[in-house]
Visitor: 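Below you'll find the structure I mean.
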Amino acid sequence: MSPLHVSVAVLAVFAFAACGVSADKDKFKCKLRPADIPKEWVSMVDPCVKKMREQVQTELTASMTYLAMAAHFSQDTVNRPGFAEHFFKSASEEREHAIKLIEYLLMRGQLTKDVGDLIKDPRPKGDVTSWVDGVSALKDALKLEASVTNNIRDIVAVCEDPGESKFNDYHLVDYLTGDFLDEQYKGQRELAGMISTLDKMMHSHGAIGEFLFDKKLLG
Amino acid sequence: MKGLFCFVAAALLVALASAETGSFCYGDVNMKCSSSADEAVAIPNCNAVYGGAASAMEQLSNYVNTHITRSFQYLLMSTHFGSYEANRPGFEKLYRILSDQNWEASLGLIKHMTKRGGKMNFNYREADNLANEPAKKEVYELHELGSLARALDIQKSLAEEAFHIHHTCSAKDPKHHDAELTHYLEENFIEKQADTIRNLAGHTSDLKNLLKSSDSSLSMFLFDEYLFNKLSG
């Protein structure tokens with residue numbers, strides 16, 4: 001540090017201190033007194049909360065993967081607007097799932113701390129951002145959904161029987177089973193059906209098959 | 001000998017054709033459709049690329065990635081105010097809306113990039129000018145005024161980045177000039193950003209005045225309720 005820098009720094013410290021004293025009565029009261037809230041109702045246990053928090057990142061990774069697919073099929077030289085529209089929709093749906101999980105945790109009294117650890121720069125899975133054809137993207141999508149489904153089943157298992165605490169989280173398990181798993185299974189069946197239709201045509205009618213299928217997706 | 005002559009003549013014709021057609025799709029197609037076409041020959045000029053947009057694709061990719069990052073940051077800010085301890089439904093809603101807007105903007109921009117013959121690069125990221133020091137963890141558990149200040153900084157930096165891209169595309173240099181892209185940015189980013197920034201600055205001014213009293217808990221409650229009702233209407 002040069003002498004000039006030191007003197008500037010010293011001056012700055014003095015100025016800051018002076019400011020702090022003279023401006024004390026003009027200071028904003030930015031932080032309010034925290035409320036005293038009973039904690040008995042906050043009943044979720046750590047292993048279950050941890051699993052739920054991780055699922056937020058999993059859903060957002062799925063979202064980014066779909067966004068990469070949507071971007072790929074939007075390209076002028078790929079030109080599959082039907083596929084692109086389908087995947088843009090899927091990307092936003094996965095983001096909605098992450099938000100639903102967050103809202104559930106908030107409802108149960110969670111997420112009062114370490115909010116910053118909830119989302120860690122989600123990227124497309126495996127950094128894959130191009131696909132050879134429509135059917136290969138649909139197959140990747142189905143595998144992705146199957147892995148997400150497995151993750152949700154894992155949360156259910158942990159939250160039903162979290163070990164030591166023996167707190168069976170009936171409500172969360174019901175929510176995951178009734179809302180999330182229901183949507184997963186229906187979504188998987190839809191993707192499997194799409195792959196079935198398209199894959200049958202790919203062998204001998206690939207070019208026109210994919211073209212027509214894309215227009216069908218466009219509705 | 002005759003065979004060789006024919007070959008040379010054909011090669012000359014091909015060379016002549018490519019020299020004449022330059023970078024035109026029609027030339028590519030003619031080549032590709034001629035009887036002597038090589039299977040491997042592509043049609044590199046048959047695409048949607050024109051104007052200066054192509055040279056802005058890296059910047060635009062970065063802009064998309066920044067919007068996605070900001071969208072997640074707003075989601076975390078919203079989450080904090082949604083917790084029972086903070087319990088500010090107005091602020092929760094404000095940041096949720098900003099998160100949604102940034103997400104939708106990134107989707108729209110990807111669509112526009114591909115409309116202009118570009119490709120979205122999810123890995124192209126310039127240094128984050130708003131990032132905390134690398135050693136420190138990003139903080140999302142902010143008090144009300146601090147969160148507005150953060151949001152204002154984020155929106156201004158997004159607006160200034162739009163100006164920067166706009167500047168590149170309005171250059172006199174025809175390689176970068178692109179009237180369509182500047183128009184798109186103006187209509188879909190620049191105009192809206194001015195409104196958002198003005199709103200956030202207004203909220204900051206109101207809240208700043210309310211916080212001068214010795215106990216601002218009631219002011220904060222009323223302000224949050226006002227925000228919630230305004231954003232729900």
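From a predicted model like this one, the values you see are computed outputs, not experimental measurements. We name chains A, B, ... by the order of the sequence lines, and we start the count at 1 in each one.
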Visitor: Tell me, for A/Ile37 versus chain B, whether the close heavy atoms (under 4.5 Å) come from the side chain, the backbone, both or neither.
Guide: side chain

Visitor: State, to 0.1 Å, how close A/Gly116 and B/Tyr140 come at their nearest heavy-atom pair, and which atoms those are.
Guide: CA-CD1, 3.4 Å

Visitor: Which bit of B/Ser213 is near chain A, if near means a heavy-atom gap under 4.5 Å: side chain, backbone, both or neither?
Guide: backbone

Visitor: Of all the heavy-atom pairs spanning A/Asp76 and B/Asn47, show the shortest one and how long it is.
Guide: OD2-CB, 3.3 Å

Visitor: Do you know the tightest heavy-atom contact between B/Cys46 and A/Thr77?
Guide: O-CG2, 4.3 Å

Visitor: Quick check against the 3.5 Å criterion: does B/Glu85 have a side-chain atom that pairs as donor or acceptor with the backbone of A/Pro34?
Guide: no

Visitor: Return the minimal non-hydrogen interatomic distance between A/Ser92 and B/Trp103, and the atom names on each side.
Guide: OG-NE1, 3.0 Å

Visitor: Need one label for A/Ser74: side chain, backbone, both or neither, based on atoms under 4.5 Å from any heavy atom in chain B.
Guide: both

Visitor: If I measure from the heavy atoms of chain B, does A/Leu60 come under 4.5 Å with its side chain, its backbone, both, or neither?
Guide: side chain

Visitor: Do you know which of B/Ser106, B/Gly146, B/Ser99 has the most heavy-atom pairs under 4.5 Å to chain A?
Guide: B/Ser99

Visitor: Hey, which of B/Arg125, B/Glu92, B/Glu144 has the most heavy atom pairs under 4.5 Å with chain A?
Guide: B/Arg125

Visitor: So which heavy atom on B/Phe122 is nearest to which on A/Arg123, and how close?
Guide: O-NH1, 4.2 Å

Visitor: Using a 6.0 Å cut-off, check whether atom NZ of A/Lys186 has over 12 heavy atoms from anything other than its own residue.
Guide: no

Visitor: Heavy-atom cut-off 4.5 Å, strictly under: side chain, backbone, both or neither for A/Arg95 against chain B?
Guide: side chain

Visitor: Using a heavy-atom distance cut-off of less than 4.5 Å, which residues of residues 107-118 of chain B contact chain A?
Guide: B/Leu107, B/Ile110, B/Lys111, B/Thr114, B/Gly117, B/Gly118

Visitor: Within a radius of less than 6.0 Å around NZ of B/Lys230, do more than 12 heavy atoms belonging to other residues, nucleotides or ligands occur?
Guide: yes

Visitor: Picking from B/Asn65, B/Leu76, B/Asp100, B/Ile68, which has the most non-hydrogen pairs under 4.5 angstrom with chain A?
Guide: B/Leu76

Visitor: Is it the backbone or the side chain of A/Leu32 that comes under 4.5 Å from a heavy atom of chain B, or both, or neither?
Guide: side chain

Visitor: At a 4.5 Å cut-off on heavy atoms, which part of A/Ala71 comes close to chain B: side chain, backbone, both, or neither?
Guide: both

Visitor: Is A/Ala91 in contact with chain B via its backbone, its side chain, both, or neither, using a 4.5 Å heavy-atom distance?
Guide: both

Visitor: For chain A, which of B/Met220, B/Met77, B/Met120, B/Arg96 has the most heavy-atom pairs under 4.5 Å?
Guide: B/Arg96

Visitor: Can you tell which of B/Asn123, B/Thr69, B/Leu145, B/Val49 has the highest number of heavy-atom pairs within less than 4.5 Å of chain A?
Guide: B/Asn123

